[in-house]
Amino acid sequence: MRTVRGLWGSSHPGPTLVVTALALALGIAIGLEAWRLALLTMAVFAGQLSIGISNDALDAARDRAVGRTDKPLARGDVSLPAAWVAASVCLTLALVLSAPLGWRMLAAHALTLGSAWAYNAGLKSTALSIAPFLVSFGVFPSLATLSAPEPAFAAGWAWIAGAALGGAVHLTNVLPDLDDDERTGVRGLPHRLGARASAVIAALGVIAGAVAVLLGSAGGALVAVPSIAWAFFAGVALVAVVTVVRAMVRPPSRALFRLVMLAALLLAAQLVASGGALAA
Ligand SMILES: CC(C)=CCC/C(C)=C/CC/C(C)=C/COP(=O)(O)OP(=O)(O)O
């Protein structure tokens, strides 16, 4: 039981659940039938577990060195071999569950997973640390549209929205750990930019994502934007403003990352509410 709890804690449960909910929301928005929706959601969930657990497995020694008591592997609640078995099983499950949805969906999911694992394996310590987030989240909306009986890539605006939000996720996720990371030699893009610049760019990313969804789901015509979409846009813009203000007046905390996740969920809800045409 301790191992299962520890593995769940290592999976980055918050982001895992949010990304899974986003996949479910996108699948609902495009009207996927029940079995496709279930497979898409379970495949994304398994993939997220594999990304989160492998991330903590690769970071275990560093996390132990800086006394990260929030990390089950660093605390010794889970052994490293158990984490690697769990991450490998989840990765395999993610691919096996994707396969019945078609080879295009399988290939796209493999790409998002490969890019995330590349982050874990070392890209996180380079100036290109943001790249896997742009790639994985950029491709992410297409996981839903490629799961449809007539597979298609997502529309260009959805790629832009996904990548912009993915960038914001990265720029805010590492903020509370900047000092610990520097001590263990992890110097990704946010470390090089500094906390405030990262938070401001993340907020701009959130706004860019909101504009892409607002205009994209209305076919590019401002006059065609329904009032419900404007309401969601205002909500997301408010989240972006709060993110910047918080970053200016308080030391960087998990709150900024949670605000970005909230913005992503609001945008997904907007897509479901407006029944926006997501496919290209
Ligand atoms: C759609 C999809 C597949 C997206 C995934 C994209 C991606 C690059 C995910 C990595 C997620 C992750 C475990 C970040 C934490 O890393 P960290 O080690 O920087 O921070 P930590 O202290 O929170 O572990």
Side-chain angles (χ1 to χ4, degrees), residues 9-26 40-41 43-74 83 87 90-91 94-95 98 105 108-126 128-144 154 158-159 161-163 165-191 198 252-254 256-258 260-261 264 268:
S10 305
S11 74
H12 299 67
T16 290
L17 290 175
V18 170
V19 174
T20 305
L22 290 175
L24 178 68
L26 293 178
L40 168 69
T41 309
V44 167
F45 180 60
Q48 290 300 309
L49 292 176
S50 86
I51 295 167
I53 296 172
S54 63
N55 176 274
D56 271 12
L58 285 159
D59 287 350
R62 274 191 296 262
D63 288 341
R64 215 169 291 127
V66 294
R68 290 272 308 250
T69 50
D70 58 322
K71 297 287 188 184
L73 272 143
C90 289
L91 180 64
L95 298 173
S98 300
M105 153 59 181
H109 200 191
L111 174 64
T112 65
L113 294 169
S115 131
W117 276 64
Y119 171 83
N120 293 344
L123 270 179
K124 64 182 268 177
S125 303
T126 74
L128 288 178
S129 61
I130 199 169
F133 286 85
L134 301 180
V135 171
S136 292
F137 281 96
V139 173
F140 186 70
S142 294
L143 297 185
W159 289 73
L165 283 168
V169 163
H170 176 50
L171 290 169
T172 51
N173 177 43
V174 297
L175 292 188
D177 310 326
L178 287 188
D179 295 339
D180 283 352
D181 284 348
E182 292 272 7
R183 280 199 277 146
T184 52
V186 174
R187 245 175 87 69
L189 185 65
H191 308 80
S198 296
S253 71
R254 282 268 165 254
L256 300 178
F257 174 60
R258 295 200 178 112
V260 170
M261 290 302 215

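One-based numbering, in listed order, for ligands and for the atoms of each. We count residues from 1, following the sequence as given.
Using a heavy-atom distance under 4.0 Å as the criterion, the protein contacts of ligand 1 are His12, Gln48, Ile51, Asn55, Asp56, Asp59, Arg68, Lys71, Thr112, Ala116, Tyr119, Lys124, Pro132, Phe133, Ser136, Phe137, Phe140, Asn173, Val174, Asp177.
More than 12 heavy atoms of other shown residues, nucleotides or ligands fall within 6.0 angstrom of atom CZ in Arg187.
At least one donor-acceptor pair closer than 3.5 Å links the side chain of Thr20 to the backbone N or O of Thr16.
Of all non-hydrogen atoms in Ala87 and Ser50, the two that sit nearest each other are O-CB, 3.4 Å.
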Stepwise salt bridge (charged side-chain N to carboxylate O under 4.0 Å, His left out) check, Asp177 with Arg254 | CA-CA 9 Å; Asp177 310 326; Arg254 282 268 165 254; 3.4 Å; yes
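Note: Phe133 and Phe137 have parallel aromatic rings, judged against thresholds of 30 and 60 degrees for the angle between ring planes.
For residues 116-125, the pairs satisfying salt bridge (Lys or Arg N to Asp or Glu O under 4.0 Å) are Asp59-Lys124, with sequence neighbours left out.
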